[in-house]
Student: 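Below you'll find the structure I mean.
Residue numbers begin at 1 in each chain, while the letters A, B, ... track the order of the sequences. Note that the structure is predicted; figures quoted are calculated from it, not measured.
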Amino acid sequence: MVKTYDELKPETKRIIEEIRKIPYGQVSSYRDIAYRAGLINGARQVARALHGLSEAHQLPWWRVIRSDGNIALHEPERSEQIQRLKAEGVKLSERGRFVPGQKR
DNA sequence: TTCATGACCGTAG
DNA sequence: ACTACGGCCATGA
């Protein structure tokens, strides 16, 4: 059984809200989301939350990447994420790496 | 309760 | 740019 929004822990709700705020065509990192949600070292929590709740809560999970600019997912989800980002006009290098504009 | 695991992170070589 | 390593911490076995 999947939990409803109201059954989630407060921190998890904040994480979800922050992810929803990421604007179209832009990406954010697990770490940034954690900080904005008030969790100092909560990057792993963010990752876990996304892993389990992305589709159930309509989250733009593809806009969340690792703080070093790499995609965290393994194939085949990895390819899907790259495709979705591309569709929003996000730039990425050949090897599937993002943002060379700002490293970390 | 202990132990392993992971959609992570930062530093060092 | 890439790998290795230690640290981090919620989760589940």
Student: Does a nitrogen or oxygen in the side chain of S67(A) sit under 4.0 Å from OP1 or OP2 of dG10(B)?
Tutor: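 Affirmative; the distance criterion is met.
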
Student: Can a side chain N or O of R66(A) be found less than 4.0 Å away from OP1 or OP2 on dC8(B)?
Tutor: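 So the side-chain polar atoms of R66(A) do come within 4.0 Å of the phosphate oxygens OP1 or OP2 of dC8(B), strictly under.
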
Student: Which residues pass the salt bridge (Lys or Arg N to Asp or Glu O under 4.0 Å) test with R63(A), sequence neighbours left out?
Tutor: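 By the salt bridge (Lys or Arg N to Asp or Glu O under 4.0 Å) rule, R63(A) matches E88(A).
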
Student: Looking at dC9(C), dA7(B), dC9(B), which one has an atom nearest to any side-chain atom of A43(A)?
Tutor: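 The listed nucleotide nearest to A43(A)'s side chain is dC9(B).
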
Student: Rounded to the nearest Å, what distance is computed from the CD atom of residue Q45(A) to the P atom of nucleotide dG12(C)?
Tutor: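 After rounding, the gap between these two atoms is 13 Å.
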
Student: Just jot down the side-chain hydrogen bond (donor to acceptor under 3.5 Å, both in side chains) partners of D32(A), sequence neighbours excluded, or say none.
Tutor: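 Counting only residues at least two positions away or on another chain, D32(A) forms a side-chain hydrogen bond (donor to acceptor under 3.5 Å, both in side chains) with S29(A).
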
Student: Apply side-chain hydrogen bond (donor to acceptor under 3.5 Å, both in side chains) to R31(A) and list each qualifying residue two or more places apart in sequence or on a separate chain.
Tutor: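 Residues passing side-chain hydrogen bond (donor to acceptor under 3.5 Å, both in side chains) with R31(A): none at all.
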
Student: Distance-only criterion, 3.5 Å: show the donor-acceptor pairs between side-chain atoms of residues 11-18 of chain A and protein atoms not counting sequence neighbours.
Tutor:
{"residue": "R14(A)", "atom": "NE", "partner": "A37(A)", "partner atom": "O", "Å": "2.7"}
{"residue": "R14(A)", "atom": "NH2", "partner": "A37(A)", "partner atom": "O", "Å": "3.2"}
{"residue": "E17(A)", "atom": "OE2", "partner": "Y5(A)", "partner atom": "OH", "Å": "3.0"}
{"residue": "E17(A)", "atom": "OE2", "partner": "R20(A)", "partner atom": "NH1", "Å": "3.1"}
{"residue": "E18(A)", "atom": "OE2", "partner": "K21(A)", "partner atom": "NZ", "Å": "3.2"}

Student: Nearest-Å distance, CD1 (I15(A)) to C1' (dC8(B))?
Tutor: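 Answer to the nearest Å: 13 Å.
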
Student: Can any side-chain N or O of Q26(A) pair as donor or acceptor with the backbone N or O of P23(A) at less than 3.5 Å?
Tutor: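 Answer holds: no.
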
Student: To the nearest Å, give me how far apart CG (N70(A)) and C1' (dA1(C)) are.
Tutor: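 Going from CG in N70(A) over to C1' in dA1(C) covers 10 Å.
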
Student: Rounded to the nearest angstrom, tell me the gap between atom CZ in R14(A) and atom C1' in dA10(C).
Tutor: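 Computing the R14(A):CZ to dA10(C):C1' distance gives 15 Å.
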
Student: Which residues satisfy the salt bridge (Lys or Arg N to Asp or Glu O under 4.0 Å) test with E77(A), sequence neighbours excluded?
Tutor: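 E77(A) satisfies salt bridge (Lys or Arg N to Asp or Glu O under 4.0 Å) with no other residue.
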
Student: Please give, in whole Å, the distance from dC8(B) P to W61(A) CH2?
Tutor: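 In whole Å, dC8(B) P and W61(A) CH2 are 14 Å from each other.
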
Student: Under a 3.5 Å distance rule, please check whether Q81(A) uses its side chain to pair with a backbone N or O of V64(A) as donor and acceptor.
Tutor: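 It does hold such a pair.
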
Student: If I take atom CG in residue L50(A) and atom P in nucleotide dA10(C), what distance separates them, rounded to the nearest angstrom?
Tutor: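 One finds 17 Å between P of dA10(C) and CG of L50(A), rounded.
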
Student: Can you check the I22(A) CD1 to dA7(B) C1' distance for me, whole Å?
Tutor: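 Interatomic distance, CD1 of I22(A) to C1' of dA7(B): 13 Å.
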
Student: Whole angstrom is fine here: how far is it from CZ in R48(A) over to P in dA4(B)?
Tutor: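 Rounded to the whole Å, the gap is 18 Å.
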
Student: What parts of residues 29-41 of chain A reach DNA chain B, counting only heavy atoms under 4.0 Å away?
Tutor: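 Y30(A), R31(A) - these, ordered by number, are the residues of the stretch whose heavy atoms sit under 4.0 Å from the strand.
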
